[in-house]
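Start at 1 and go down the list; that is how both ligands and their atoms are numbered.
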Amino acid sequence: MHTAVGVFDSGVGGLTVVAALRRLNPELPIRYIADGAWFPYGERSPEEIEERSLLLADALIAEGCAPIVVACNTASSSALDRLRERFEVPIVGMEPPLKPAVERTRTGKVAVLATPSTARGERLARLQDAYGGGVEVTTVPMPGLADLVESGHVAGERVEQLLHRTLGPLADSGIDEVALGCTHYGFLRATFDSMLDELLGTDVDVIDPAEPVARRALQQVEAHGIAVPPVERGAPVIAATTGDPARFAEAVARLRADGADLPVLDILPLPLALPAPAGLPGERGR
Ligand code: DGL
């Protein structure tokens, strides 16, 4: 018997996947860890991200979670293979939705928005080799964008300036499909919808992989006969952060105030199995 589906990300981004899981199954028990003390993964080395991902997955598994959903493109890019080697429970990863973008484009031009780490990672290069044929794929690293979302900013001047700076060079490029390669960007949906057509000069479609990933996780529960006891409809998702819980709660409240439809969270102290981050190399933001 398992306790819950375990989900992790560097911060609030993975909550887009959590929300999709709960939309698909309102009685699903979910345990979430945000690696706030190591945020942002997008600016870190693959080795660091791999080490953190192993630790977080291990902590969730120690709490009885299965499957483990890596609700982070950056962690999936750096650590998915190692996680699958190390652990027996099913590990559900994610990648930028390049395949549907390539299938849907009418102009033959698509963009992938991702963190710097995902943008330069081998996994995205392999994805492009597999699905990018015949289509012009532009990968756009978006340094700082996940940071704005992590502090609860999904609209307004700072977000708009960053989008102008990063996507401005693609003005009138004809790109009509934009694949979101970072779970934090799912919270920017309304801003993308109001800005991208004008910025890119076409009728732009934005693809967020949160729901397909949630579906895959639920399929894994079925396929592996994983028994997770249902919770009451709408019961809180148990969440913890390695960073500052007050800051995490504040960001979640700001996202909600800006329209994000998130399940209720119970933010608890870190699971015992997860060593507190103090003193480990690379610690930030505490
Ligand atoms: N949410 C993470 C992703 O999907 C990255 C954010 C970060 O830079 O930590 O890639």
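- Contacts of Ala146 with ligand 1, taken as heavy-atom pairs under 4.0 Å, involve the side chain alone.
- Heavy atoms of Ser10 found under 4.0 angstrom from ligand 1 belong exclusively to the side chain.
- Counting non-hydrogen atoms of other residues, nucleotides and ligands closer than 6.0 Å to OH of Tyr131 gives a total of 12 or fewer.
- A heavy-atom separation below 4.0 Å is found between Cys72 and ligand 1.
- Here Thr74 has heavy atoms under 4.0 Å from ligand 1 in both its backbone and its side chain.
- If you look at Thr115 next to ligand 1, the close heavy atoms, those under 4.0 Å, all belong to the side chain.
- Between the OH atom of Tyr41 and the CG atom of Asn73 there is a distance of 13.0 Å, given to the nearest 0.5 Å.
- Within a 6.0 Å radius of CD in Glu122, other residues, nucleotides and ligands contribute 12 heavy atoms or fewer.
- Under the salt bridge (charged side-chain N to carboxylate O under 4.0 Å, His left out) criterion, Asp205 pairs with Arg104, not counting sequence neighbours.
- Side-chain atoms of Thr241 come within 3.5 Å of backbone N or O of Gly243 as a donor-acceptor pair.
- Nearest to atom 8 (O) of ligand 1 among the protein's heavy atoms is Gly42 N, 2.8 Å.
- Side-chain contact, Asp176 with Thr202: no donor N or O sits under 3.5 Å from an acceptor N or O.
- Heavy-atom proximity to Cys182, at under 4.0 Å, picks out these atoms of ligand 1: 1 (N), 2 (C), 3 (C), 4 (O), 5 (C), 6 (C), 10 (O).
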